[in-house]
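In this text the structure is predicted, and so the values were computed from the model without any measurement. Only this structure's heavy atoms are used, side chains among them; waters, hydrogens and symmetry mates stay out.
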Amino acid sequence: MTKLPTRLSIYGVAVHEDAILLCRIASGYPGEGMWTLPGGGIEWGEHPLDALRREIHEETGLDLGGYEHLGIDARVYEGGKYPDGIHVVRMIYRTPLSGAPSVTEVDGSVDACRWVPLSELDELPTVNLVRAALEIAGIEIT
């Protein structure tokens, strides 16, 4: 059996005053221009919760206080950099955050972040992770 790559990642679902915190994927990255949850890949040897803290801070400038594990989303993607496929495993956490976000990572995978009213979510191009995570979190979009 051929071993294909697996990417383990972690993401935060932050909802505050009926708005969700989203980040826009930067130019040159898969999904560029789309909006996603703050989070990303877990580095070799890194504890997943340390990765969550790091990613939240890099992509939003906010500091993670608490968290609650919500579930896992896993998918196989083919195409782009991975014509033979990649198995993506994404851990989803509720992350109570508030405040004005700002991207702190220079030349990172996101170039903007903002609170998006849940009522306006359909107006933005989002990656499938956003809907999957909201479903895992039990948050309905009206």
Side-chain angles (χ1 to χ4, degrees), residues 3-142:
K3 289 187 178 183
L4 298 176
T6 298
R7 181 174 191 263
L8 183 59
S9 53
I10 193 160
Y11 293 89
V13 177
V15 176
H16 182 69
E17 297 179 355
D18 293 323
I20 186 168
L21 185 58
L22 296 180
C23 300
R24 186 177 60 206
I25 300 171
S27 178
Y29 287 87
E32 67 181 78
M34 305 274 290
W35 291 82
T36 188
L37 298 173
I42 298 170
E43 295 176 0
W44 175 255
E46 185 176 35
H47 189 282
L49 295 177
D50 291 336
L52 183 62
R53 283 183 192 89
R54 175 182 52 77
E55 289 285 350
I56 294 284
H57 185 74
E58 288 174 354
E59 296 183 355
T60 72
L62 301 173
D63 292 321
L64 181 64
Y67 53 83
E68 174 191 358
H69 182 256
L70 296 174
I72 296 173
D73 180 64
R75 299 171 190 252
V76 172
Y77 292 100
E78 295 177 357
K81 285 177 31 172
Y82 303 100
D84 295 327
I86 184 170
H87 183 211
V88 178
V89 179
R90 306 180 286 201
M91 295 182 275
I92 311 296
Y93 282 77
R94 183 181 321 273
T95 52
L97 299 169
S98 62
S102 64
V103 178
T104 63
E105 184 180 33
V106 176
D107 296 326
S109 60
V110 302
D111 61 9
C113 57
R114 67 181 178 104
W115 291 100
V116 175
L118 291 170
S119 62
E120 296 175 16
L121 195 58
D122 287 335
E123 298 170 24
L124 280 182
T126 58
V127 299
N128 64 19
L129 171 64
V130 174
R131 298 292 176 166
L134 287 172
E135 185 175 316
I136 289 170
I139 299 171
E140 292 187 32
I141 305 303
T142 57

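Between Tyr77 and Val88 the shortest heavy-atom distance is CD1-CG2, 3.6 Å. The shortest heavy-atom contact between Ile136 and Ile72 is CD1-O, 4.0 Å. The heavy-atom pair separating Gly12 from Ile56 by the smallest distance is CA-CD1, 4.4 Å. A pairwise comparison of heavy atoms in Leu21 and Pro101 identifies CD1-CG, 3.7 Å as the closest pair. Shortest non-hydrogen contact noted between Ala26 and Gly108 is CB-O, 3.7 Å. The heavy-atom pair separating Thr104 from Gly61 by the smallest distance is CG2-CA, 3.5 Å.
The environment of CD in Glu135 is sparse: at most 12 heavy-atom neighbours from other residues, nucleotides or ligands sit within 6.0 Å.
Partners of Arg7 under the salt bridge (charged side-chain N to carboxylate O under 4.0 Å, His left out) rule, at least two apart in sequence or in another chain, do not exist in this structure. Partners of Asp111 under the salt bridge (charged side-chain N to carboxylate O under 4.0 Å, His left out) rule, at least two apart in sequence or in another chain, are Arg24.
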Discussion item. Under the criterion side-chain contact (heavy atoms from CB on, under 4.5 Å), I'd like the reasoning laid out for Val127 against Ile25: C-alpha separation, chi angles, the key distance, then a yes or no.
Written reply: CA-CA 10 Å; Val127 299; Ile25 300 171; 3.8 Å; yes

Fill in: Asp50 and Glu43: CA distance, side-chain angles, deciding distance, side-chain contact (heavy atoms from CB on, under 4.5 Å) verdict
CA-CA 10 Å; Asp50 291 336; Glu43 295 176 0; over 6 Å; no

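Between the OG1 atom of Thr95 and the CZ atom of Arg53 there is a distance of 12.0 Å, given to the nearest 0.5 Å. Leu62 contributes atom CG, which lies 9.0 Å from atom NE2 of His57 (distance to the nearest 0.5 angstrom). Here Leu118 contributes atom CG and Glu17 contributes atom CD; the two are 12.0 Å apart, rounded to the nearest 0.5 Å. Considering CG of Leu52 and CE of Met91, their distance stands at 9.0 Å, rounded to 0.5 Å. Thr6 OG1 to Ile86 CD1: the interatomic distance, rounded to the nearest 0.5 Å, is 7.5 Å.
Tested against Leu37, the residues Leu134, Val13, Ile10, Thr126 include a single side-chain contact (heavy atoms from CB on, under 4.5 Å) partner, Val13.
Remark: the backbone N or O of Gly99 is paired with a side-chain donor or acceptor of Trp115 at under 3.5 angstrom.
Side-chain contact between Tyr11 and Pro38 is absent, with no heavy-atom pair separated by less than 4.5 Å. Considering only heavy atoms from C-beta on, Leu64 stays 4.5 Å or farther from Leu49 through its side chain. Side-chain atoms of Val116 and Glu123, non-hydrogen and from C-beta on, never get closer than 4.5 Å to each other.
Applying the salt bridge (charged side-chain N to carboxylate O under 4.0 Å, His left out) test to pairs two or more places apart or on separate chains, those with a residue in residues 55-71 are Arg54-Glu58, Glu68-Arg94.
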